[in-house]
Q: 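Below are the structure tokens for one structure; questions will follow.
Both backbone and side-chain heavy atoms feed into the values below; hydrogens, waters and symmetry mates do not. The chain is numbered in sequence order, starting from 1.
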Amino acid sequence: MVRRNAWKENFQVHADALGRKAEAKEVVADYDAHVAKVTTAIGGKEKAAATDINFVRFVEGADIRIYGKQNYIGSILGDLGVGRPAITDKAKDGFSYDVSPEKIDLADADVVFTSTYGDPGKARATGTMKSGLWKNLKASKDGKVFKVFKVDDNLWIAGIGYTAAHQILDEFQKGLTA
């Protein structure tokens, strides 16, 4: 089973090994303050919890991934206290629930963030996002699917650290308050 906060645990191990516990404490406090600021900016804890957020990743040569709760991006969403659709509970090992373009309607949520790894055509992002199933997603109908406000796959998936987390929080806030 993947551990949701493994990146935070690894950070602490490195800080301990380098004798930098005090600096690590500051980094964690800064992150926690940033999470609180973003949560407030998006309407507070109650509104955050009532807003289902999904993260969909289109990957060249693989099925489409609906990210669960036990991964880097899932941990940040968890820290923000946002709602997650029930489909995220079906994610294998908590990591992702993989679907074909014909089942993209399972990604339905109030807000959907997307990223693409590889060529968008080969990753089936282009065709899927033009499909009737995609256009009928609640978030797509509300104009909240970030097709224009595309998130960076390298940052959101591979960043895995506090520096990237701060950038993700900024993009998340910008997307939800724009």
Q: Find out if a path of hydrophobic residues (ILVMFWY) with successive side-chain heavy-atom gaps under 4.5 Å connects F172 to L155.
A: yes
Q: Can you list the steps and then say if N136 with D105 is a side-chain contact (heavy atoms from CB on, under 4.5 Å)?
A: CA-CA 8 Å; N136 281 325; D105 57 323; over 6 Å; no
Q: Taking only residues two or more places apart in sequence, or in another chain, which ones meet A15 in a side-chain contact (heavy atoms from CB on, under 4.5 Å)?
A: A24
Q: Do V28 and K8 make a side-chain contact, defined as non-hydrogen atoms from C-beta onward lying under 4.5 Å apart?
A: no
Q: State the CG-NZ distance between D98 and K103, to the nearest 0.5 angstrom.
A: 13.0 Å
Q: Name all residues meeting the side-chain contact (heavy atoms from CB on, under 4.5 Å) criterion together with L169; count only those two or more places apart in sequence or in a different chain, and write none if there are none.
A: Y31, H34, V35, V38, I76, L80
Q: Could you check if a side-chain atom of E171 sits within less than 4.5 angstrom of a side-chain atom of W156, using non-hydrogen atoms only?
A: yes
Q: Any donor-acceptor pair under 3.5 Å linking the side chain of D93 with the backbone of F95?
A: no
Q: Examine distances only and state if a side-chain atom of R124 and a backbone atom of A62 form a donor-acceptor pair shorter than 3.5 Å.
A: yes
Q: Is any side-chain heavy atom of T114 less than 4.5 Å from a side-chain heavy atom of M129?
A: yes
Q: Hey, what do you get for CD1 (I160) to OH (Y72), rounding to the nearest 0.5 Å?
A: 7.5 Å
Q: OG of S131 to CG of L137: how many Å apart, nearest 0.5 Å?
A: 7.5 Å
Q: Drop me the distance from I157's CD1 to I168's CD1, to the nearest 0.5 angstrom.
A: 8.0 Å
Q: Within the 4.5 Å heavy-atom criterion, are V82 and I42 side-chain neighbours or not?
A: yes
Q: Can you give the donor-acceptor pairs under 3.5 Å from side chains of residues 83-91 to other protein atoms, not counting sequence neighbours?
A:
residue: R84; atom: NE; partner: I53; partner atom: O; Å: 2.8
residue: R84; atom: NH1; partner: G68; partner atom: O; Å: 3.2
residue: R84; atom: NH2; partner: Y67; partner atom: O; Å: 2.8
residue: T88; atom: OG1; partner: P85; partner atom: O; Å: 2.6
residue: D89; atom: OD1; partner: K69; partner atom: NZ; Å: 2.7

Q: Enter the distance from I104:CD1 to W134:CH2 here, rounded to the nearest 0.5 Å.
A: 5.5 Å
Q: With rounding to the nearest 0.5 angstrom, report the OG1 to CZ distance, T116 to R57.
A: 9.0 Å
Q: Testing the basics here: between W7 and S75, what is the closest heavy-atom pair and its distance to 0.1 Å?
A: NE1-OG, 2.7 Å
Q: Write out all pairs satisfying salt bridge (charged side-chain N to carboxylate O under 4.0 Å, His left out) with one or both partners inside residues 15-35, taking only residues at least two apart or from two chains.
A: R20-E23
Q: Under the side-chain hydrogen bond (donor to acceptor under 3.5 Å, both in side chains) definition, can you give me all pairs with a residue in residues 43-56, not counting sequence neighbours?
A: none
Q: Report the residues that fulfil ring pair (Phe, Tyr, Trp, His ring centres under 6.0 Å) with F11, sequence neighbours left out, ordered by chain and then residue number.
A: Y162
